[in-house]
Amino acid sequence: MDTDSHALSHHPKLKSWIDECAKLCKPDRIVWIDGSEEEKNRLEAEAVKTGEFVKLDDKKFPGCFYHRSSSNDVARTEHLTFICSRRKEDAGPTNNWMPPEEGYRRAGATLAGSMKGRTMYVIPFSMGVVGSPFSKIGVQLTDSLYVVLNMRIMTRVGKPVLDALGNDGEFTKCLHGKADLDISKRLILHFPDDNAIWSVGSGYGGNALLGKKCLALRIASNLARKEGWLAEHMLILGIEDKTGHTEYITAAFPSACGKTNLAMLVAPEALKAKGYKVWTVGDDIAWLKPGPDGRLWAMNPEFGFFGVAPGTNSRTNPHAMDTVRKNTIFTNTLLGKDGSVWWEDGDGEPPAEGWDWMGRPWTPGQKDAEGKPIVGAHPNSRFTAPASQCPSISSHWQDPQGVPISAVIFGGRRQHLAPLVYQSFDWAHGVFVGASMASERTAAQVGKLGEVRRDPMAMLPFCGYNMADYFGHWLEMGRAVPNPPKIFHVNWFRKDENGKFLWPGYGENLRVLEWILGRCKGQGKAQKTPIGHVPAADALDLTGLKISPKAMEKLLDVRPEDWDQELDGVEGFFRRFDERMPQEMWSQFQNLKSRLKPPVHA
Ligand code: GTP
Ligand code: SPV
Ligand code: MN
């Protein structure tokens, strides 16, 4: 085996772990990633040579590349994702579990010799600013150039990370092998007791970029519980008012439910006129810690955005469009023969000729045998772009300790039921609101689209331990932070009887955020309902927005008889946690039940 001449580390445990993995996977070569520009150019050229990358038109898309993943490898595969804790109870009823020995054995069998003829890259990476006590270091071994080039955008990589790690620093051991991309052998395994992740048989997104969902959520949520903080599937944004004062909000929505869009929100004219500006701190993951001022602070551990392409255009998300103009990797969109990329509900006309996300020749308007239009881009096609390129990036996005949070928002995709916005009565009720939330399934994970499933705190696929303990930890955090954020729930996706969205969404969502921030300051008119405080009929600033009073009424409507039905779903879900469920969650459930159906007194 040809070992990299410039092995950069003097960390004995790191080196012996790499030796062990190399012995298993048997790569021809080991190459350490240093994070330099020279390295980037070299690896991109190599990826073009192997066919993993297609270089896009350099005038229209400078520094951009196209990649198509295997057609059965286009979204996270939750059924193949496991928490390998020592005891099954510690993974809880919502996670797949496998004994650690079995995980190592099964994945090891697939990894054995799988890197013959390939290069194993060593990627030292930091989630959070390099060297900060708020950050965590990982080292990913991978045989995928695509993964290397994505990790270089999504995380801080290379020499500075090894320097921060020193000779004996802690790091998460991340082993990733494509093997033969066979879905029947695919396994995404987390070993919280060993601070390790093994991923085999996938080369895409959250399955393969191990710093993201695997480390920054599943492993980090375990660390966070031990160390007294929270690792969450949340965007972070700042809202600056006309005095120049900025308040920060985090929001947890399930995958493909609007985090990137909200994080990059552009104020509608009427609110711009009031002096509001919105700043992006993060679009997918937040680490929240108690600050010395008694508030909860949030930081974005990532360095780039891995965003959904379809639906992104200059009207819905102009800042995302500006962000992806250069130095961006596009995955599974349409590839034009003119070296362009395009996706459904994107900007402008599609190219006259191209290849769809499966590599088949594609022309606009093409239909399948049943006469249905053939999409050019996979619904979960994505862009990978540096966060620094976002025009609305906050000047505080790289503050190691993050920003102080005024409001936490939970939200889902619900055609019916959930009103546009409501406020919880207090922290414990807010934790209940998060724990009982549900959303319709999207294309970001393999499974039946549109099916309503319970997705507490948008963490169902990402919490690395028993969620009953996780709810308990959330309750505990409320007690540990003297001045915690207020907790809200939003739903941009309520539909009318014709199946049309009632709320225009996107930039207009700032009208809701304005009410939320008002409520945090004890302002903002509200009406009390059984589920929480909903804006009073005239409380949202709707200046310049064409929306009928009837639509607004429907958006804010809370119908006890519908919620009564919802209770069954919540109860069934909570019961899955047996004795482990904190009593407080059941008290909250009973309280909601009696608010919906006040007991009749004789
Ligand atoms: P992940 O990256 O998978 O975690 O997704 P995300 O939560 O960041 O979702 P994203 O912002 O990428 O939005 C997903 C889809 O929802 C896109 O097709 C958007 O166009 C659409 N969307 C986002 N915000 C809104 C909104 O306010 N209203 C409506 N109707 N659609 C929205
Ligand atoms: C999500 O699915 O929530 C994503 C994309 O952000 S992935 O990185 O694939 O998890
Ligand atoms: Mn996400």
Side-chain angles (χ1 to χ4, degrees), residues 69 73-78 81 147 150-151 154-155 188 199 202-218 232-237 251-266 268 280 282-286 302 304-313 315-317 319-321 323-324 331-332 343-346 377-385 409 411-415 420-421 439-447 455 458-462 490-495 499-513 555:
S69 65
D73 191 22
V74 293
R76 283 180 296 100
T77 36
E78 294 176 5
T81 301
V147 165
N150 271 271
M151 286 292 284
M154 294 306 296
T155 70
I188 321 298
S199 163
S202 168
Y204 180 78
N207 282 346
L209 311 176
L210 301 188
K212 199 173 177 56
K213 298 301 164 51
C214 300
L215 194 164
L217 290 178
R218 297 195 192 97
E232 298 298 326
H233 191 202
M234 288 176 171
L235 68 95
I236 312 168
L237 65 76
F253 309 152
S255 303
C257 290
K259 288 183 302 300
T260 300
N261 277 273
L262 192 68
M264 297 182 188
L265 183 152
V266 176
T280 310
D283 84 323
D284 198 52
I285 297 178
E302 301 192 278
F305 305 127
F306 185 62
V308 177
T312 308
N313 61 52
R315 193 177 40 81
T316 55
N317 195 345
H319 287 160
M321 292 307 293
T323 306
V324 304
T331 305
N332 297 336
W343 49 81
E344 277 67 27
D345 293 319
H378 187 274
N380 193 36
S381 56
R382 301 236 168 199
F383 54 78
T384 319
I409 306 176
R413 194 181 272 269
R414 297 299 295 266
Q415 296 187 32
L420 181 61
V421 58
S439 192
E440 290 145 19
R441 202 196 292 264
T442 64
Q445 62 285 114
V446 171
D455 188 351
M459 282 288 278
L460 179 77
F462 307 122
V490 300
N491 178 21
W492 314 138
F493 300 95
R494 206 162 177 170
K495 288 184 174 170
K500 278 189 65 186
F501 289 121
L502 283 158
W503 180 249
Y506 303 102
E508 308 297 345
N509 293 335
L510 184 56
R511 300 174 191 274
V512 174
L513 301 185
L555 276 163

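Counting convention: from 1, in listed order, for ligands and their atoms alike. Everything quoted here is computed from the prediction, not taken from an experiment. Residue numbers count from 1 along this sequence.
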Hey, is there an N, O or S on K259 sitting under 2.8 Å from the Mn ion (ligand 3)? no
Would you say T316 contacts ligand 1, with heavy atoms under 4.0 Å as the rule? no
Looking only at protein heavy atoms, which one is nearest to atom 17 (C) of ligand 1, and what is the separation? P310 O, 4.0 Å
Among M234, R382, K259, M264, which one has a heavy atom closest to atom 3 (O) of ligand 1? R382
Looking only at heavy atoms, is any part of L262 under 4.0 Å from ligand 1, and if so is it the side chain, the backbone, or both, or is it neither? neither
Is P254 touching ligand 1 with its side chain, its backbone, both, or neither, if touching means heavy atoms under 4.0 Å apart? backbone
Shortest protein heavy-atom distance from atom 16 (O) of ligand 1, along with the residue and atom involved: R413 NH2, 3.2 Å
Below 4.0 Å, non-hydrogen atoms only: which portion of T442 touches ligand 1? Side chain, backbone, both or neither. neither
May I ask whether C257 places a heavy atom under 4.0 Å from ligand 1? yes
Can you find a non-hydrogen atom of A263 under 4.0 Å from ligand 1? no
Identify, for atom 11 (O) of ligand 1, the protein heavy atom at the shortest distance, and state residue, atom and that distance. N261 ND2, 2.7 Å
Within reach of ligand 2, part of Y204 (heavy-atom separation under 4.0 Å): neither
Contact region, F493 to ligand 1, non-hydrogen atoms below 4.0 Å, reads side chain
Using a strict cut-off of less than 4.0 Å between a Lys/Arg side-chain nitrogen and an Asp/Glu carboxylate oxygen, indicate whether K213 and D284 qualify as a salt bridge. yes
Quick one: look at Y506 and ligand 1, take heavy-atom pairs under 4.0 Å, and tell me if it's side chain, backbone, both or neither. both
